[in-house]
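One structure below.
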Amino acid sequence: NAGVTQTPKFQVLKTGQSMTLQCAQDMNHEYMSWYRQDPGMGLRLIHYSVGAGITDQGEVPNGYNVSRSTTEDFPLRLLSAAPSQTSVYFCASRYNAGTVVSGANVLTFGAGSRLTVL
Amino acid sequence: ILNVEQSPQSLHVQEGDSTNFTCSFPSSNFYALHWYRWETAKSPEALFVMTLNGDEKKKGRISATLNTKEGYSYLYIKGSQPEDSATYLCALNTGNQFYFGTGTSLTVIP
């Protein structure tokens, strides 16, 4: 199993450019989420989804869009990148809360995507 | 926004020492408390998920306890080994949202 796959691993953008960070999982997890990790701060939730067609905002959603057209994929879009969006981004997935499967509740993380906006 | 605090921020111990860290969280909206281990250049990996007040979990030399009434969890490592060196994250899960602490960075000196 590949688990959670994120692409690209590294990206440099100029202010105002757009891009999409890809996240795919092959574990049939309903729940998928995006986090950003900044120095001195914990992982902060950007957006999450509890199933295809359903998305919701997390703690820091501004400047980011998401969609969930399939169970497997949860792309994160930056429509007009800003230097404040320079960060390391992690995608994570799990079964939905309340699922009675051993180990269902833990998050499985991707390898991360380092984004620099100049 | 819910504030999850971890202490200490960093810790250096000698191989063989036992150590413990604290995670403090607001008791309101509690669904579960997660612990993750994060090695440099890797992704966070789950250690424990705890849901009930008084829960104790153990995996090898690592164990954790939970007090939801007062809003804290302890992570213990018995007989630290160099391979235990990592950042240990706790996260408050309120159902569909997760609030992570900034982590405790552990360095075990051989």
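These values consider heavy atoms only, across backbone and side chains, with no hydrogens, waters or symmetry-generated copies. In what follows, chains are A, B, ... by sequence order, proteins preceding strands, each numbered from 1. Just so it is clear, the model here is predicted, and its values are computed rather than measured.
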Which portion of A/Q57 sits near chain B, non-hydrogen atoms under 4.5 angstrom: backbone

Non-neighbouring partners of B/H34 that pass ring-ring contact (aromatic ring centres under 6.0 Å, His included), sequence neighbours left out: B/Y36, B/F98

Single-linkage hydrophobic cluster A/F109~A/V60, side-chain heavy atoms < 4.5 angstrom: no

Inter-residue atom distance A/L107.CG - B/N93.CG, 0.5 Å rounding: 7.5 Å

Other residues, nucleotides, ligands: >12 heavy atoms within 6.0 Å of B/Q9 CD: no

Side chain to side chain, A/R44 and B/F100, heavy atoms closer than 4.5 Å: no

Common cluster, B/L11/B/I62, ILVMFWY with side-chain heavy-atom separation under 4.5 Å: yes

Proximal component of B/L89, with respect to chain A [non-hydrogen, under 4.5 Å]: side chain

Flag side-chain contact, heavy atom, 4.5 Å: A/V50 against B/N96: yes

Part of residues 67-75 of chain A lying next to chain B, heavy-atom separation under 4.5 Å: none

More than 12 heavy atoms from other groups under 6.0 Å of CD on B/E15: yes

In one Ile/Leu/Val/Met/Phe/Trp/Tyr side-chain cluster, 4.5 Å: B/Y88, B/L66: yes

Shortest non-hydrogen contact between B/Y99 and A/E59, atoms and distance: CD2-OE1, 3.9 Å

In one Ile/Leu/Val/Met/Phe/Trp/Tyr side-chain cluster, 4.5 Å: A/M41, A/V117: no

Heavy-atom neighbours of A/R114 CZ exceed 12 at 6.0 Å: no

Residue, of A/A92, A/S33, A/G110, that accumulates the most heavy atom pairs under 4.5 Å with chain B: A/G110

Linked, directly or transitively: B/L47 and A/Y35 (ILVMFWY side chains, under 4.5 Å): no

Taking every non-hydrogen atom, the tightest pair across A/L43 and B/P44: CD1-CG, 4.4 Å

Non-hydrogen side-chain atoms of B/V49 and A/R94 separated by less than 4.5 Å: no

Verdict with supporting geometry, A/V106 and B/W35, side chain to side chain contact (heavy atoms under 4.5 Å, CB included): CA-CA 9 Å; A/V106 301; B/W35 282 99; over 6 Å; no

